[in-house]
Amino acid sequence: MKKTPPEIERLRGEIRTHDRRYYLDDNPTISDTEYDKLMKRLQELEAAHPDAITPDSPTQRVGGGVSKSFASVKHAVPMLSLDNTYTEEDIRQWHERVVKLLPKSEKPVFLVEPKVDGLSCALTYKDGALTRGATRGDGETGEDVTPNARTLKNIPLRLEGPAPSILEVRGEVVMYDADFRKLNEGEVAAGREPFVNPRNCAAGSLRQKDPKITATRHLRFIAHSFGVWQGGANIESHSEFLNACAAMGFQANKTESFDSIDDVVAYYARFRDKIMPKLPFGVDGLVVKVDSYAQQKILGFTAKSPRWAVAFKYPAQQASTEVEDVVFSVGRTGAITPVAKVKPVFCAGVTISSVTLHNFDEIARLGLKIGDRVMIERAGEVIPKVVNVVDSAKGGKEIKPPKSCPSCGARVLKEDGFVAYYCDNPSCPAQLKRTLLHFASRQAMDIRGFGEETVDQLVDAGRVKSIGDIYSLTKDDLLKLELWKDKKAENMLEQIEESKKRPLPKLVNALGIRQVGEKMAEALAERYSLDELASASLDDLQRTPDVGPIVAASITEYFSAPEVRSLIAKLKKAGLNFKKHAVSRANSAFSGKSFVFTGELSKMTREEAGEKVKALGAKTSGSVSAKTSYVVAGEAAGSKLKKAQELGVTVLSESEFLKLIGN
Ligand code: IVH
């Protein structure tokens with residue numbers, strides 16, 4: 001065989017590094033254009049030296065052949081499922097059984113990780129090279145989707161470092177929510193039906209006949225278990241396995257470890273309320289696993305599932321009730337949302353009397369009429385929704401879109417290609433109130449006390465007609481409102497003054513530009529000052545991560561309106577912070593560093609500590625490896641601390657950590 005030209009080797013190495021930075025570390029160091037250039041050069045060189053093409057070259061991800069159908073694959077070891085639990089009582093029962101089956105001297109450590117809502121997939125590596133990707137199928141036999149799996153950029157085509165001679169790693173294929181939104185934006189813009197949810201979309205994308213289509217879908221693989229581990233280093237626990245996965249180049253599932261079931265139960269609520277909402281992909285619960293393989297072996301399996309692991313899922317709670325009426329609420333963009341008023345019903349811990357119907361397409365899909373009996377659902381903190389009609393009322397009243405705005409009486413329009421109806425009046429008081437509430441909300445300018453009541457009073461009195469008017473309010477204005485006294489007015493003005501200092505991402509989010517949420521606002525504020533953003537071109541905007549043609553058009557349209565121009569001028573005059581929010585990741589002393597937090601911290605939660613280091617440009621991980629920069633060990637730190645000591649990773653106490661980050 002001829003020798004591979006060195007430039008080809010170098011380019012492959014470089015591209016692999018960039019894939020890793022982009023897909024695993026979330027920290028790209030070159031632009032997409034630069035990346036494309038490297039790839040194009042490699043393709044040219046390989047075209048000139050076809051002998052040098054190897055199956056693990058990054059150019060081979062895109063997949064050549066189009067398969068007619070998928071061949072069946074018999075799994076070497078069946079892909080089992082997990083038992084589901086939904087309540088504290090059930091998980092405690094599972095724990096009791098574990099403890100009963102283990103010898104008294106064996107105290108189990110529990111690893112708890114997200115139950116990733118994706119498509120299970122098994123990847124086989126022989127001597128470090130990816131040889132097969134298969135779906136789960138019925139657990140015994142799956143489909144061979146190798147060419148498609150090769151297109152996932154966070155799947156290593158060749159394992160890094162020492163690896164077992166045969167490895168069949170298992171995990172979930174997912175589409176991140178942001179990628180899903182972007183894909184659907186494109187589908188709608190092209191006049192096609194949007195995909196229903198990220199999970200279905202990921203499944204459909206992985207099972208494309210043409211791998212080139214899979215390649216455009218930005219799927220990711222999250223490793224969580226294995227079927228075969230042969231001829232490699234001895235691993236003795238699930239945590240060691242996940243660390244090894246990360247070291248071999250996989251995106252491994254993130255875990256927390258606990259040694260008591262009480263802590264697992266406490267984490268269940270904390271994860272649902274604080275962590276789950278921030279994850280970039282869908283999760284439908286936790287998986288609790290006994291960490292030690294020796295203990296797993298003692299516990300063994302039932303016919304269907306392991307005894308050493310269990311899913312601890314979040315129930316979507318349902319209840320049935322009757323739709324008494326449908327009213328229309330006007331959002332800050334003028335979109336009119338139909339809301340069902342239902343007979344009050346107790347569900348998931350609260351009494352529900354209003355349920356969103358989203359839009360008129362949804363009403364048509366449900367076939368809903370007033371008077372129908374419906375099943376409603378409330379999952380986590382999400383707004384309750386109607387699942388289906390369980391009993392259709394005889395002579396039920398049809399629900400029609402309103403002809404005029406329920407708040408201001410202006411005409412109601414529907415834009416082509418969009419499902420929502422809009423109130424056509426930019427100074428509609430209902431829209432204004434929503435706009436103001438959003439502006440002052442916690443995720444935006446965080447003006448405490450500027451809530452629904454205050455907004456109603458100020459708008460109804462005609463004192464506030466746009467966001468800009470907030471900053472010209474005087475004490476006299478406030479004292480004219482019912483029940484306002486000196487102290488309350490002074491506090492309000494102080495809060496308003498304070499809000500002028502908020503960093504630009506908050507302000508950009510606060511403006512309420514359609515399609516621009518918190519994350520997008522951050523990306524924009526990192527590239528532009530507010531003045532620059534207001535005059536940025538469509539092309540330039542699209543160079544911002546996650547900004548596609550629709551978002552870019554929405555931004556330029558927003559800033560082209562004369563009333564927005566005068567609003568921006570007013571805000572500038574009032575002294576709000578318009579400065580670009582430079583996050584100098586590359587220069588920060590924390591850039592590229594990774595932190596693992598373990599044990600109880602006393603001054604903050606581990607999540608909060610994680611947020612702090614991320615704000616400084618560092619990353620956090622759930623597991624310790626030789627690449628970890630710091631392990632911060634709180635009270636009662638266990639296996640992670642031990643691992644750090646074994647690997648010689650720097651261990652910090654909580655107070656040393658606080659000093660390091662300058663707190
Ligand atoms: S461990 C014996 N860990 O859930 C099964 N599975 O009902 C061992 N899943 O199809 C798998 N997240 O693909 C494991 N963190 C996680 C998981 C996970 C999602 C899927 C898995 C399986 C199903 C089990």
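Side chains included, hydrogens not; waters and symmetry mates left out as well; all remaining heavy atoms used. What you see is a predicted model; the values in this text were computed from it and never measured. One-based numbering, in listed order, for ligands and for the atoms of each.
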Enquirer: Within less than 4.0 angstrom of ligand 1, does Lys289 place any heavy atom?
Expert: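 Flag set, Lys289 near ligand 1.
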Enquirer: Give me the one residue out of Met175, His218, Arg199 that meets side-chain contact (heavy atoms from CB on, under 4.5 Å) with Phe180.
Expert: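 Output: one option passes, namely Met175.
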Enquirer: Apply ring-ring contact (aromatic ring centres under 6.0 Å, His included) to Tyr630 and Phe597, showing your working.
Expert: CA-CA 9 Å; Tyr630 298 102; Phe597 296 93; 10.0 Å; no
Enquirer: Among all protein heavy atoms in this structure, tell me which lies nearest to atom 12 (N) of ligand 1, with the distance rounded to 0.1 Å.
Expert: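 Atom 12 (N) of ligand 1 sits closest to the protein heavy atom Val116 N, 3.1 Å.
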Enquirer: Would you check if there is a donor-acceptor pair between the side chains of Arg132 and Thr124 at a distance under 3.5 Å?
Expert: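 No, Arg132 and Thr124 have no side-chain donor paired with an acceptor closer than 3.5 Å.
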Enquirer: Identify, by atom number and element, the atoms of ligand 1 in contact range of Asn253, meaning under 4.0 Å from any of its heavy atoms.
Expert: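 By the 4.0 Å cutoff, the relevant atoms are 15 (N).
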Enquirer: Hey, is NZ on Lys385 packed in by over 12 heavy atoms from elsewhere, all under 6.0 Å?
Expert: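 No.
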Enquirer: Could you tell me if Glu168 and His75 have a donor-acceptor pair between their side chains, going purely by distance under 3.5 Å?
Expert: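 On atom types as modelled, these side chains do not qualify, holding no pair under 3.5 Å.
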Enquirer: Looking only at side-chain N and O atoms, does Asn243 offer a donor or acceptor that is under 3.5 Å from a partner on Ser625?
Expert: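 Not at all, the side chains of Ser625 and Asn243 share no donor-acceptor pair under 3.5 Å.
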Enquirer: Going by distance alone, is a donor N or O of one side chain under 3.5 Å from an acceptor N or O of the other, for Thr85 and Asp90?
Expert: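 The criterion, which ignores hydrogens and geometry beyond distance, is not satisfied for Asp90 and Thr85.
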Enquirer: Which bit of Val287 is near ligand 1, meaning a heavy atom under 4.0 Å away: side chain, backbone, both or neither?
Expert: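 Near ligand 1, Val287 shows its side chain, while the N, CA, C and O stay back.
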Enquirer: Any idea which part of Ser81 is under 4.0 Å from ligand 1, heavy-atom wise: side chain, backbone, both or neither?
Expert: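 Within the 4.0 Å criterion, Ser81 contacts ligand 1 through backbone and side-chain atoms alike.
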Enquirer: I want to know if ligand 1 touches Pro114 in the polar sense, i.e. an N/O pair below 3.5 angstrom.
Expert: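 Right, the criterion is met.
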Enquirer: Among all protein non-hydrogen atoms, which one is nearest to atom 10 (O) of ligand 1, and what is the separation to 0.1 Å?
Expert: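 Going by distance alone, atom 10 (O) of ligand 1 is nearest to Ser120 OG, 3.2 Å.
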Enquirer: What protein heavy atom lies closest to atom 18 (C) of ligand 1? Include the residue and the distance to one decimal.
Expert: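 Nearest protein contact, heavy atoms only, for atom 18 (C) of ligand 1 is His224 NE2, 3.3 Å.
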Enquirer: Show which atoms of ligand 1 fall inside a sub-4.0 Å distance from at least one heavy-atom site of Glu172.
Expert: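 Counting atoms of ligand 1 from 1, those under 4.0 Å from Glu172 are 9 (N), 13 (O), 19 (C), 20 (C), 21 (C).
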Enquirer: Give me the residue, atom name and distance of the protein heavy atom closest to atom 7 (O) of ligand 1.
Expert: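 Among all protein heavy atoms, the one nearest atom 7 (O) of ligand 1 is Leu82 N, 3.0 Å.
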Enquirer: Under 3.5 Å between some N or O of ligand 1 and some N or O of Glu113?
Expert: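 N/O-N/O distance below 3.5 Å exists for this pair.
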Enquirer: Report the relative orientation of the aromatic rings in Phe312 and Tyr268; use parallel for angles under 30°, tilted for 30 to 60°, perpendicular for over 60°.
Expert: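 Geometry flag for Tyr268 against Phe312: parallel rings.
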Enquirer: Among all the protein's non-hydrogen atoms, which is closest to atom 23 (C) of ligand 1, and how far away is it?
Expert: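 Nearest neighbour among protein heavy atoms for atom 23 (C) of ligand 1, to 0.1 Å: Lys115 NZ, 3.8 Å.
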Enquirer: If the cut-off is 4.0 Å to any non-hydrogen atom of Pro306, which atoms of ligand 1 fall inside it?
Expert: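 Reading through ligand 1 atom by atom, the close ones are 2 (C).
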Enquirer: Can you see whether Asp262 engages Ser260 through a side-chain donor-acceptor pair at a distance of less than 3.5 angstrom?
Expert: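 Side chains of Asp262 and Ser260: no pair found under 3.5 Å.
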Enquirer: Among all protein heavy atoms, pick out the one at the shortest distance from atom 5 (C) of ligand 1; state its residue, atom name and that distance to 0.1 Å.
Expert: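 In this structure, atom 5 (C) of ligand 1 has Leu80 O, 3.6 Å as its nearest protein heavy atom.
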